[in-house]
Amino acid sequence: PFADEQKRKYTHVNLEEQRRHHRALCLWQARLGITYGVATDASRVIRRNDQGYPVFNEYGEAEKDNALAWINHMGEHEYGHFTTDVGADNYLGELSALIKALQDVPAGQRVLMVMDATSPVAALRSFTAKSDGKKFGYLAAELLDTLDRLVDRHAAVVFLWQRSHTGAPVNEAVDALAGQAIKGGAW
């Protein structure tokens, strides 16, 4: 089965979790006067051939695709998929989803970005604290630099983490779009 079908199997609606997410969204809206909201997500799946069997590279490792998606507060959205180097993980997909979403946000906004992964934001915080000479050793340094420049275009950017697969509507909507990308959507 596709990744989104597997995720739905393990998703359970947690009303307390939904209330907590709703309170957090309202709190940040009130505190900062958010002018633009966007949710992002990424999924990683093993590439399969037409018969449904995994595709392997010359090293005997399964090839993987990243699917990513974003949706904004007006319902506008994009999704797509891309192949990454062997050994890359979902971090690159999540990071790319943040970048793709912020590229489409008009400059000067007060942006609330909802996501279910913390690793890109943790990496960005660490990356921006380093001197230029020490940034070269980072995985995806070019992507982190791009994200940093996109964040700087706005009056404020808040990254809000939401637990995945608890039935939170914002997260479930963008998760479904990432699932569509796995099934063949592309840019």
Side-chain angles (χ1 to χ4, degrees), residues 20-44 65-84 88-164 168-182 185-187:
R20 187 179 72 75
H21 291 301
H22 181 72
R23 282 190 301 269
L25 289 170
C26 292
L27 178 70
W28 283 109
Q29 167 62 34
R31 279 185 181 168
L32 290 178
I34 299 296
T35 58
Y36 202 96
V38 63
T40 64
D41 196 21
S43 296
R44 189 156 165 80
D65 288 323
N66 274 310
L68 55 106
W70 66 262
I71 186 169
N72 70 18
H73 64 282
M74 297 175 289
E76 299 167 338
H77 62 275
E78 280 192 50
Y79 59 89
H81 62 87
F82 64 96
T83 303
T84 57
D89 60 16
N90 199 45
Y91 162 73
L92 294 178
E94 297 285 354
L95 184 57
S96 297
L98 290 172
I99 290 169
K100 189 75 172 152
L102 273 176
Q103 285 173 336
D104 291 337
V105 176
Q109 301 294 312
R110 295 170 118 19
V111 183
L112 177 63
M113 301 206 64
V114 179
M115 68 216 160
D116 63 4
T118 59
S119 58
V121 176
L124 179 64
R125 289 182 68 200
S126 179
F127 181 78
T128 57
K130 302 291 183 194
S131 67
D132 288 340
K134 293 186 178 182
K135 290 180 179 180
F136 292 114
Y138 272 76
L139 173 64
E142 189 175 320
L143 292 175
L144 287 167
D145 187 56
T146 300
L147 181 59
D148 186 36
R149 282 186 278 112
L150 288 168
V151 167
D152 285 345
R153 292 178 44 219
H154 299 289
V157 176
V158 173
F159 295 100
L160 180 64
W161 175 77
Q162 281 193 333
R163 184 181 313 276
S164 60
V170 172
N171 182 263
E172 292 301 318
V174 75
D175 190 48
L177 289 171
Q180 287 179 0
I182 290 171
W187 280 289

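No hydrogens, no waters, no symmetry mates; every other heavy atom, side chains included, goes into these values. As the structure is a computational prediction, the values presented were derived from the model and not from experiment.
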Say you draw a straight line from CZ of Arg110 to NE2 of His154; how long is it, rounded to the nearest 0.5 Å?
-> 12.5 Å
Over all heavy atoms of both residues, which pair between Ala39 and Val174 is shortest? Give the atoms and the distance, please.
-> O-CG2, 3.5 Å
Check whether more than 12 heavy atoms from other residues, nucleotides or ligands sit under 6.0 Å from atom CZ of Arg23, and answer yes or no.
-> yes
Nearest-0.5 Å distance that lies between atom CG in Leu177 and atom CG in Asp41 | 9.5 Å
Report the C-alpha distance between Met113 and Tyr36 in whole Å, list the side-chain angles of each, state the deciding distance to 0.1 Å, and finish with yes or no for side chain to side chain contact (heavy atoms under 4.5 Å, CB included).
-> CA-CA 9 Å; Met113 301 206 64; Tyr36 202 96; over 6 Å; no
Heavy-atom neighbours of His73 NE2 exceed 12 at 6.0 Å = yes
Take Phe127 and Asp145 through the test side chain to side chain contact (heavy atoms under 4.5 Å, CB included) and record every step on the way to the result.
-> CA-CA 8 Å; Phe127 181 78; Asp145 187 56; 4.1 Å; yes
Spacing of NZ belonging to Lys100 relative to CG belonging to Leu68, to within rounding of 0.5 Å | 8.5 Å
Heavy atoms of other groups near Glu76 CD, more than 12 under 6.0 Å | yes
Calculate, to the nearest 0.5 Å, the distance between atoms OG1 and CG belonging to Thr40 and Asn171 respectively.
-> 9.0 Å
Approximate separation, where rounding is to 0.5 Å, of Gln162 CD and Arg20 CZ | 8.0 Å
Between Ser43 (side chain) and Ala67 (backbone), is there a donor-acceptor pair under 3.5 Å?
-> no
Least distance between heavy atoms, Ala69 atom then Tyr79 atom = CB-CB, 3.7 Å
Heavy-atom nearest pair, Glu94 first then Pro120, reads CB-CG, 3.6 Å
The side-chain contact (heavy atoms from CB on, under 4.5 Å) partners of Ala140 (sequence neighbours excluded) come to Tyr91, Leu92, Leu95, Leu143
Could you check Arg153 against Leu102 for side chain to side chain contact (heavy atoms under 4.5 Å, CB included), going step by step and ending with a plain yes or no?
-> CA-CA 9 Å; Arg153 292 178 44 219; Leu102 273 176; 5.7 Å; no
Passes side chain to side chain contact (heavy atoms under 4.5 Å, CB included), Asp104 versus Glu78? Steps please.
-> CA-CA 10 Å; Asp104 291 337; Glu78 280 192 50; 3.0 Å; yes
Look up atom CD1 in Ile99 and atom OG1 in Thr146, then write down how far apart they are to the nearest 0.5 Å.
-> 5.0 Å
